[in-house]
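A short write-up of the structure that comes next.
Keep in mind it's a predicted model, so treat the numbers as computed, not measured. These values consider heavy atoms only, across backbone and side chains, with no hydrogens, waters or symmetry-generated copies.
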Amino acid sequence: MDSTGTEPSTGTGAEKDKAAAAAAPDIQSHDTFVIKKKLSLTAGEYVVSVARPDGSEGEPVAYAREKRLSLRGQVTVYTDASKKSVLAAFKGRDHEVGYMYDVWDASGRPFGSFYEDAGASFLRRTWQVRQPGTMKLTGRERSRVAAFVRFVWEFVPYLEYVPFIWPYRFKYTESGKPLMTVTKKLGLHTRYVLEILAPDIDRRLAIAHTLALDALEVD
């Protein structure tokens with residue numbers, strides 16, 4: 001059993017790569033996704049869809065389920081609702097920055113990571129997203145008002161156990177250049193819009209990080 005919790009298949013590494021590529025949806029060619037969370041008291045269930053031109057949900061390309069256990073709780077992202085084929089997974093580990101979240105593929109090989117910048121997050125939540133050899137993104141909450149409301153929310157008794165419902169937007173840059181945004185929408189259902197502005201960003205990493213923004217919100 002590999003680190004994603006799935007049984008490894010037999011065959012060479014090249015054969016495994018071809019099999020994984022055949023099973024995975026073609027998400028790298030898309031730039032905008034809608035992540036919708038189903039309401040649940042014990043777990044978060046997410047459906048990731050390609051966004052249509054009008055912003056509505058199109059073809060589903062990924063599914064995930066997350067139990068609120070701890071900061072290090074693993075989240076696995078699947079290619080379809082059957083949850084038989086893994087697209088990606090991430091899990092936290094102790095690190096000098098606090099918690100580092102490694103993201104790996106179906107064969108258990110890491111291809112990215114992210115962590116919250118604790119110092120910068122005191123006023124506005126800030127994340128660092130790393131894609132080795134390609135991208136080093138800094139994601140920061142764009143609205144100071146939303147950041148202040150979140151700050152107050154976390155210090156109100158019992159509200160720290162309730163997901164932050166206020167809409168917000170994260171802007172991700174590299175050397176000042178905007179490369180990605182994540183926008184939380186206000187509505188009856190928790191809904192995020194992920195927009196990727198750089199072709200080299202691995203969509204699996206971007207989706208995993210967006211899921212983490214919600215999954216880790218009340219930890």
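Here the shortest heavy-atom pairing between Ala206 and Ile196 reads CB-CD1, 3.8 Å. Closest heavy-atom contact between Trp104 and Lys91: CH2-CB, 3.4 Å. Looking at every heavy atom in both residues, Phe90 comes nearest to Leu211 through CE2-CB, 4.4 Å. Summarising the geometry of Val75 relative to Arg65, their closest heavy-atom pair is CG1-O, 4.5 Å, with the distance given to 0.1 Å. Considering all non-hydrogen atoms of both residues, Ala88 and Arg204 come closest at CB-CB, 4.2 Å. Closest approach of Pro60 and Val47 over heavy atoms only: CB-CG1, 4.2 Å.
Tracing side-chain contacts under 4.5 Å through hydrophobic residues (I, L, V, M, F, W, Y), one reaches Met180 starting from Phe111; they form part of the same cluster. Hydrophobic cluster membership differs between Leu213 and Tyr63, with clusters built from Ile, Leu, Val, Met, Phe, Trp and Tyr side chains linked at under 4.5 angstrom. Under the 4.5 Å side-chain heavy-atom criterion for Ile, Leu, Val, Met, Phe, Trp and Tyr, Phe170 and Val34 are members of distinct hydrophobic clusters. Leu205 and Tyr99 fall within a single hydrophobic cluster, where Ile, Leu, Val, Met, Phe, Trp and Tyr are joined by side-chain heavy atoms under 4.5 Å apart, directly or via other members.
Tyr172 is linked by a ring pair (Phe, Tyr, Trp, His ring centres under 6.0 Å) to His209, counting only residues two or more places apart in sequence or in another chain. Here Glu116 pairs with Ser121, Arg125 under the side chain to side chain donor-acceptor pair (under 3.5 Å) rule; sequence neighbours left out. With sequence neighbours left out, the side-chain contact (heavy atoms from CB on, under 4.5 Å) criterion links Ser56 to Arg52, Asp54. Considering only residues two or more places apart in sequence or on other chains, Arg140 meets the salt bridge (charged side-chain N to carboxylate O under 4.0 Å, His left out) condition with none of them. With sequence neighbours left out, Arg203 forms a side chain to side chain donor-acceptor pair (under 3.5 Å) with Asp31. Taking the side-chain contact (heavy atoms from CB on, under 4.5 Å) definition, one finds that Ser82 meets it with Asp80, Lys84, sequence neighbours left out.
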For this session: For the pair Phe33 and Val50, evaluate side chain to side chain contact (heavy atoms under 4.5 Å, CB included) and give the outcome as yes or no after the intermediate values.
Result: CA-CA 5 Å; Phe33 301 87; Val50 174; 4.2 Å; yes
For this session: I would like to know whether Asp117 and Trp127 meet side chain to side chain contact (heavy atoms under 4.5 Å, CB included); could you show each step before the answer?
Result: CA-CA 5 Å; Asp117 188 331; Trp127 288 82; over 6 Å; no
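The aromatic ring centres of Phe114 and Tyr101 sit less than 6.0 Å apart.
A 4.5 Å side-chain heavy-atom check between Ile27 and Ile207 finds at least one atom pair inside the cut-off.
If you take NZ on Lys37 and CZ on Arg191, they are separated by 15.5 Å, rounding to the nearest 0.5 Å. Distance CZ/Arg142 to CZ/Arg169: 4.5 Å, rounded to 0.5 Å. Note that CD of Glu57 is 10.0 Å distant from CD1 of Ile35, once rounded to the nearest 0.5 Å. Residue Thr210 holds its OG1 atom at 9.0 Å from OH of Tyr192, rounded to the nearest 0.5 Å. Leu87 contributes atom CG, which lies 9.5 Å from atom CG of Asp105 (distance to the nearest 0.5 angstrom). For the atom pair OH of Tyr115 and CZ of Arg93, the computed distance is 11.5 Å after rounding to the nearest 0.5 Å.
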Side-chain donor/acceptor pairs under 3.5 Å, residues 128-139, sequence neighbours excluded:
residue: Gln128; atom: OE1; partner: Arg130; partner atom: NH1; Å: 3.3
residue: Gln128; atom: OE1; partner: Arg130; partner atom: NH2; Å: 3.2
residue: Gln128; atom: OE1; partner: Thr138; partner atom: OG1; Å: 2.9
residue: Arg130; atom: NH1; partner: Leu137; partner atom: O; Å: 3.4
residue: Gln131; atom: OE1; partner: Asp202; partner atom: N; Å: 2.8
residue: Gln131; atom: NE2; partner: Asp200; partner atom: O; Å: 2.9

